[in-house]
Amino acid sequence: MKRCEKPIIALIVAVVLLCASLALCACDRDKKDTDTVYIGTTALIERAVRGEYNYDMLASGNSDMPLVSQTADGNYKPLIATYSTVDSKTWTFTVLENLKWSDGAEVTAEDILFTLNYNDARGEAVFNDKTADNDGSIKITRKKYESYLLSDDKRSISLTLVSANIRELSNMTSFRIVPKHIYENKSDGEITADDGRVVCGPYVLTRFDRESGTLVYGINPHYPQMPTVKRLIYRLFSEPDIMYMSLQNGDIDTVWNYSQSVPETYLAALKANDGLRFYSAPSKGVRAVLMFNNSAAPFDDVNVRKAISYALDYDVFKNMFGGENASVANRGFAPMSTEGYKSTEKLQKNWETAARCLSQSGYVKPQGARYYSKNGVSLAFYLTVRSSNALHLRYAELVKNQLEEFGIEVKLDAVDSNAFNVKTSNKFAPDGHTSLAHQAAINGFTEAGMGMGNGLGAIYVDKKHAVQGGCQAEGALFSEITTQLSMADTVEEYSAAAGRLQDYYAEETPLIALFWDYMTYVCSSSVNNVVIDGVFGINNVNNWLSATKA
Amino acid sequence: MVLSYKSGEITAKIKGGSRVIVRDVDFDIEEGERLALIGETGAGKTMIAQSIMRLLPENVRQTGGSMVFCGVDLSDLKTVRKILGKEIAYIPQSGADCLNPTRKVKYHLYDSLKRMGLKGDALKAACIDNLVKAGFEDAAAILNLYPFQLSGGMAQRVTIALALCSHAKLIICDEATNGLNYVDKTVFVKRISELFPSAAKLFITHDMQVAGACDRIGVLCSGRLVESGEAAIVSTAPKHPYTQSLLSALAKNGMKQTPVLRKNEGDCPFYPRCEIACEECKGEIPRIEEGGHMRRCAL
Amino acid sequence: MKKYIKNIVVCLVCFLFIILLNFALPRLISGDPVAYLTGMDEGSMSVEQYEFYRNALHIDENAFVQFGYYLKDIFAGRLGYSFRKQASVAELIGTRIGATLQISFAAVVISCALALVWGLTSGSKKGLLDKVSTPVNVLVGTFPTFLIGMILIIVFSFDFKIFPYSGLNSPDAEGGAAYFFDRIYHLILPVVTLIAVMLPSRFLLMRNTVRTAMGERYVLFARQRGLNMHRIRYSYLLKNVAPPFATMVGMSVGASIGGSVIVENLFSINGMGTLLTDAVYALDYPLLQGVLFVSAAIAMVSIVLTDIICIIIDPKARSEGVK
């Protein structure tokens, strides 16, 4: 029967192809090099060149290092330059000995200067004030440095800040430099991908393979110190479930995402695996924040804000979302590992206090009524949250459930990232706005974010901050405290001002930390001498310089 | 003896129970003999044809019957499948419906011929040959037509050609003369007799003219065989009241009125409508056989 | 022939309509067209950059001139530039579409072929095969894509460790034959997942159409002529049940260009599906426009082709009616 034969032949060919591919490839599956560390990440990386944000965060941990690093316990270590200061106003950075770019050229302080000018030319207020015209209101961002001095041997640069900042080093943990000898003669369009991968760290990107979703880093021969891990391979995953299953299976040694802790949902399963080790570090960031818009009703009223702070059940948040080191936060908001931490009253659920706060502003809940109301109008607000963040959505739902049980109506406003930014940050809000659009929002602050500006998350609270300012807090007291913070010349002065700010948080409740938690990292037990970084977690240069793979 | 048929009971499962369609219909067909099965629509004639070919519909069961074809018992499905199309041929009522609308005529013929084992040039020659035998003058033109391009008569001739492809020992014509006029009907019977001289031929019809052109006639009433005998006698001087009323209903005999309607009682299927029915007809009906003629009547 | 022409003309008119919509919508929405066309907002562009784009996009000229430039771009293959991803849309689509075609297209072809044979066999026989196949397919048809994918990954990648679960190739695959086989090795699981997702509805359509057709007179006559079931299926039934099936296949080929986001996500493959969803989440308008434009074009071509194939199959429509 001729007509039957054609499909049968096709079938046989297909089966043969399948078997051949299986035979060829299946045996290679478990092959893994013993001097390579495999890192899984769900970061979305398109081009793998300098300038791509996700890539920059990843590369900061191996090749494109920042100026200094901060360890898990808060101390600083030089990566590119040593640092010194007398008055916290003038900082001198001296490039480390024998530090070279991956194309062999020497790293000098001129690269630091060039990078500062490079950023300035692209809109950052480094050496020059930047003005932005918002249809009538002129916003001026004041320059950061008032002067600089390059040493004769070009190895050191002294930068004088406009005002003293004892926490300048924390800004330097995310300051990366570009090679002057390549970038100075080329316009933006002329910088090639290879140019964008010239780095001065211990590793250099040897291969970016889109088809297999891997980034391979080999040792930078020009780096003065030999890293203990010979090769780093990052595997890009689209789906975290698959990534954690891969970790369980031993195909990757560790998992990394910028400023992300291993989610609770996976921890229980992972802990059952003897081949994995867990590392904890106190977190300087706050993962679950309830921000109020202090400039708009109903949260322009401190009594309403306080009432909410006493209406929530924080133990539930801690138990549901926090790891084993989680704790209920204080009213002072900043976690315990923050520089200048001051102990304030712990947040707690107390409905009587909450009811009292509300009644002070005229809100009552008559017998049988579901919500508190004033002059016949129920107390209700919109809670804005990022629709793409599943965890945030859960926080929002829980807040809503608890508050509605107490007697305040909450309507969820889940929006995409762009719309969220427009509603909750000064930079993206429409021009000429007097107040941001949200009433309250769920957000998460990274360590870096908490530490920016004056620290303690002030950039998110201060209405006058050019970029953030989600809480829209203002007023004489607040301005005075922030001024005191920025003027602090010594650690003691800073701590005193920081204490006042935390007292302000505790009293005025511009925002609430739903819980405090540690950052949990996981790594295969075949990797020893792991070093955790305060900003970048497990993927950091110091780790690869000392960790050993069994 | 080409076909020895005993229907047994053919029951159909319908909503709310089952209905006996055919009961105790027995007949034999010899080589070359033409048997006509006549009866009203719904009398179960087509069911009998399907039962011979073992192609009864899903909800119809046949029990207690026996069919022997040239010594072969037709109760084994596999045997029947081998025989169909080779030794038993079927000519349907409406050719146009029965042909595959998306295939040309020639492929229909090729399929049937391939079944007989023909290939290549012999196949093509036989194809044309059968079309000519079936009555087409320009066989080549017909080959590449699609069924929807054929007239009713042409379609029927194609079905005849398809039957010719086999070396059938039994031809079943299922109301194949519907739509033809009187002259054409008898011509049809003659043509089939010429094309298949030695085959046993079963003509299923409700037309007395067609039945009259055959050798023997069996009369079905509501699935029971009420009379059977020589065609000449049954078609001109029947002995059963039902057959008599069939004859008198013919236009040329002067259409008589619809017979009286009674409630169905007892074994005789014609009881509700029989003019001359009486009390004896309510009981068991005897089977009277005299010299090649059979009738089931109490009178 | 006339029928073909009518279909093609309708298709071209639709296409023109899509081109017009694609052109007009971003320019009609209230807001800055530069923002919609570049994907960036005023605030993050310097004044010079803004002016540059205004000129490059010919915003200041009248609508006809703009349309002219737009047409010129389309026919030159320039679909726009995505500033968020810093690459031309054509380039992005070019790199991604291969991955999508390898998965979606293969799955469509295989699932259609399987559904055809399986549905035909199952619908034409009332035996054990049909009694088992139909409920199984109904059941599997209710499974969501990610469930099927996850189960396959857990069983075959982790429990039995036969197949890989991410990417299109192994990191250290060399070129040539080894690369080719490695690619097939990586494609097996994603394609099987997609087949399992697509097959049930196709099987059921085929099987039900065949089941109905089995009651037709010509099928009965074919059996009365003693033809065997194989011949009845492929020479008699197939051509008659083909039109609805062909239509379904044609539509799904067009739809498969959008890719299966879920499968791409599970298996960490960068295809058109992820490209589209990235564009939607980031509100990257140039990329959105480009991807939707390409998808619409391909979908339309496949629908027209399907229509033409249906016309070819149906002899009534083909011939002028010879009597």
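Remember, it's a predicted structure, so these values are computed and weren't measured experimentally.
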[X] atom [atom1]: more than 12 heavy-atom contacts under 6.0 Å:
| X | atom1 | value |
| --- | --- | --- |
| B:Glu194 | CD | yes |
| C:Phe105 | CZ | no |
| C:Phe143 | CZ | yes |
| C:Arg211 | CZ | yes |

Heavy-atom proximity to chain C below 4.5 Å, by part of B:Leu162: side chain
For the [atom1] atom of [X] and the [atom2] atom of [Y], what is their distance to the nearest 0.5 Å?
| X | Y | atom1 | atom2 | answer |
| --- | --- | --- | --- | --- |
| C:Arg225 | B:Asp111 | CZ | CG | 6.0 Å |
| C:Phe221 | B:His108 | CZ | NE2 | 8.0 Å |
| B:Lys114 | C:Arg231 | NZ | CZ | 4.5 Å |
| B:Arg54 | C:Arg223 | CZ | CZ | 12.0 Å |
| B:Asp97 | C:Glu216 | CG | CD | 9.0 Å |
| B:Met53 | C:Leu220 | CE | CG | 7.0 Å |

Pairs of heavy atoms under 4.5 Å with chain C: top-ranked of [options]:
| options | answer |
| --- | --- |
| B:Thr159, B:Ile172, B:Asn100 | B:Asn100 |
| B:Pro57, B:Pro101, B:Ala89 | B:Pro101 |
| B:Ser112, B:Ser94, B:Pro147 | B:Ser112 |

What residue in C:Asn240, C:Val219, C:Leu237 has the most heavy-atom pairs under 4.5 Å with chain B? C:Asn240
How about C:Arg217 and B:Pro92: do any of their side-chain heavy atoms sit closer than 4.5 Å? yes
